[in-house]
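A short write-up of the structure that comes next.
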Amino acid sequence: MRIGVYPGTFDPITLGHMDIIRRGAKFVDRLIIGVTTNITKSPLFDDDERIAMVKAEVAAVDGDIEVVGFNSLLMDFADAQGASIVVRGIRGVTDFEYEYQLTGMNRQLNARVETVFLMADVSLQPIASRLVKEIAIFGGDIHKFVTPTVRDAVVARIAECGLRQGGT
């Protein structure tokens, strides 16, 4: 069985992430979405909330898909899941440069796991979770970037935390 891992913080999960999940699931028998915390980012949602959000969003996606939280090196997580492939989405040159370096480091840690890059759909390339949160914090409409359920969760969290800035 070919197992793939698609790691990310998914804070929040975007339509771009969903595109990579749908397409990545076609390359493997089982796709494990690894939800992690990036220590260089300040998440809007905690680990359990992000895991639940991702589970809800992928419930209707075709394929054998599992959502698992992890807090370790990606290569250790991939090994623990029995994965031979890491799926990564690429939006553009900047993503590629970062992912190229990360892949080289990961290859040094575990040469048995291959990384496969999927280019984001052209219409979804500009979407980044960081920008979605920033737009929402400033009162902008994020419906083009996330599902309605995720949009409602983001807007509610921003209101709950008193993060809303500016706007009219």
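Keep in mind that the numbers below use all heavy atoms, side chains included, and drop hydrogens, waters and symmetry copies.
With sequence neighbours excluded, the residues satisfying side chain to side chain contact (heavy atoms under 4.5 Å, CB included) with Ala128 are Arg91, Leu131. Residues satisfying the side chain to side chain contact (heavy atoms under 4.5 Å, CB included) test with Ile127, not counting sequence neighbours, are Thr14, Leu15, Leu124, Val132, Phe145.
When all heavy atoms of Val61 and Ile21 are compared, the pair lying nearest together is CG1-CG2, 4.4 Å. The minimum heavy-atom distance linking Pro7 with Val5 is given by the pair CD-O, 3.5 Å. Here the closest heavy-atom approach between residue Met75 and residue Leu109 is recorded as CG-CB, 4.0 Å. The two residues Ala120 and Ile20 have their closest heavy-atom pair at CA-CD1, 4.3 Å. Of all heavy-atom pairs spanning Phe45 and Ala153, the tightest one is CZ-O, 3.6 Å. Pairing each heavy atom of Thr36 with each of Phe70, the nearest pair is OG1-O, 2.9 Å.
The shortest distance between side-chain heavy atoms of Asp47 and Asn71 does not fall below 4.5 Å. Inter-residue side-chain proximity for Thr9 and Thr37 is flagged as unmet; no heavy-atom pair is nearer than 4.5 Å. Taking the side chain as every heavy atom from C-beta outward, Leu102 and Glu99 approach each other to under 4.5 Å. Side-chain atoms of Asn106 and Val113, non-hydrogen and from C-beta on, never get closer than 4.5 Å to each other. Counting heavy atoms from C-beta outward, Ile137 and Arg164 have side chains that stay 4.5 Å or more apart.
Linking Ile, Leu, Val, Met, Phe, Trp and Tyr residues whenever their side-chain heavy atoms come within less than 4.5 Å leaves Val155 and Ile13 in two separate clusters. A single hydrophobic cluster is not seen to contain both Ile85 and Ile90; linkage of ILVMFWY side chains at heavy-atom distances under 4.5 Å, directly or through other members, places them apart. Criterion: ILVMFWY side-chain heavy atoms under 4.5 Å apart, direct or through other members. Under it, Val58 and Ile32 are not part of a common hydrophobic cluster. Phe138 is connected to Ile158 through a chain of hydrophobic side-chain contacts under 4.5 Å among Ile, Leu, Val, Met, Phe, Trp and Tyr, so both are in one cluster.
Screening residues 129-152 for salt bridge (Lys or Arg N to Asp or Glu O under 4.0 Å), with sequence neighbours left out, gives Asp11-Lys133. Sorted by first and then second residue, the pairs that involve residues 65-78 and meet salt bridge (Lys or Arg N to Asp or Glu O under 4.0 Å), not counting sequence neighbours, are Arg30-Glu66. Each ring pair (Phe, Tyr, Trp, His ring centres under 6.0 Å) pair with one or both residues in residues 111-137, not counting sequence neighbours, would appear here, but there are none. Among residue pairs with one or both ends in residues 14-33, those qualifying as ring pair (Phe, Tyr, Trp, His ring centres under 6.0 Å) are Phe10-His17; sequence neighbours excluded.
Between the CE atom in Met18 and the OG1 atom in Thr147 there is a gap of 7.5 Å [rounded to 0.5 Å]. Between the CZ atom of Arg88 and the CG atom of Leu118 there is a distance of 11.0 Å, given to the nearest 0.5 Å. Atom CG of residue Asp121 and atom CZ of residue Arg22 lie 10.5 Å apart, to the nearest 0.5 angstrom. Rounded to the nearest 0.5 Å, atoms NZ (Lys26) and CG (Leu31) are 12.5 Å apart. For the atom pair CZ (Arg50) and OG (Ser129), the distance works out to 10.0 Å, reported to the nearest 0.5 Å. If you take OH on Tyr6 and CD1 on Ile65, they are separated by 11.5 Å, rounding to the nearest 0.5 Å.
Here the options are Val67, Val87, Val68, the test is side chain to side chain contact (heavy atoms under 4.5 Å, CB included), and the partner is Ile33; only Val67 passes.
Glu114 places no side-chain N or O within donor-acceptor distance of the main-chain N or O of Arg112, the cut-off being under 3.5 Å. Side-chain N or O atoms of Asp29 include none that pairs as donor or acceptor with a backbone N or O of Ile3 at under 3.5 Å. With Glu97 contributing its side chain and Thr94 its backbone, the two residues share no donor-acceptor pair below 3.5 Å. Using modelled atom types, no side-chain atom of Thr115 and backbone atom of Thr103 make a donor-acceptor pair closer than 3.5 Å. Side-chain atoms of Arg23 come within 3.5 Å of backbone atoms of Met119 as a donor-acceptor pair (strictly under, hydrogens ignored).
Other residues, nucleotides and ligands contribute more than 12 heavy atoms inside 6.0 Å of the CD atom of Glu160.
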Stepwise side chain to side chain contact (heavy atoms under 4.5 Å, CB included) check, Leu74 with Val86: CA-CA 9 Å; Leu74 175 56; Val86 172; 4.0 Å; yes

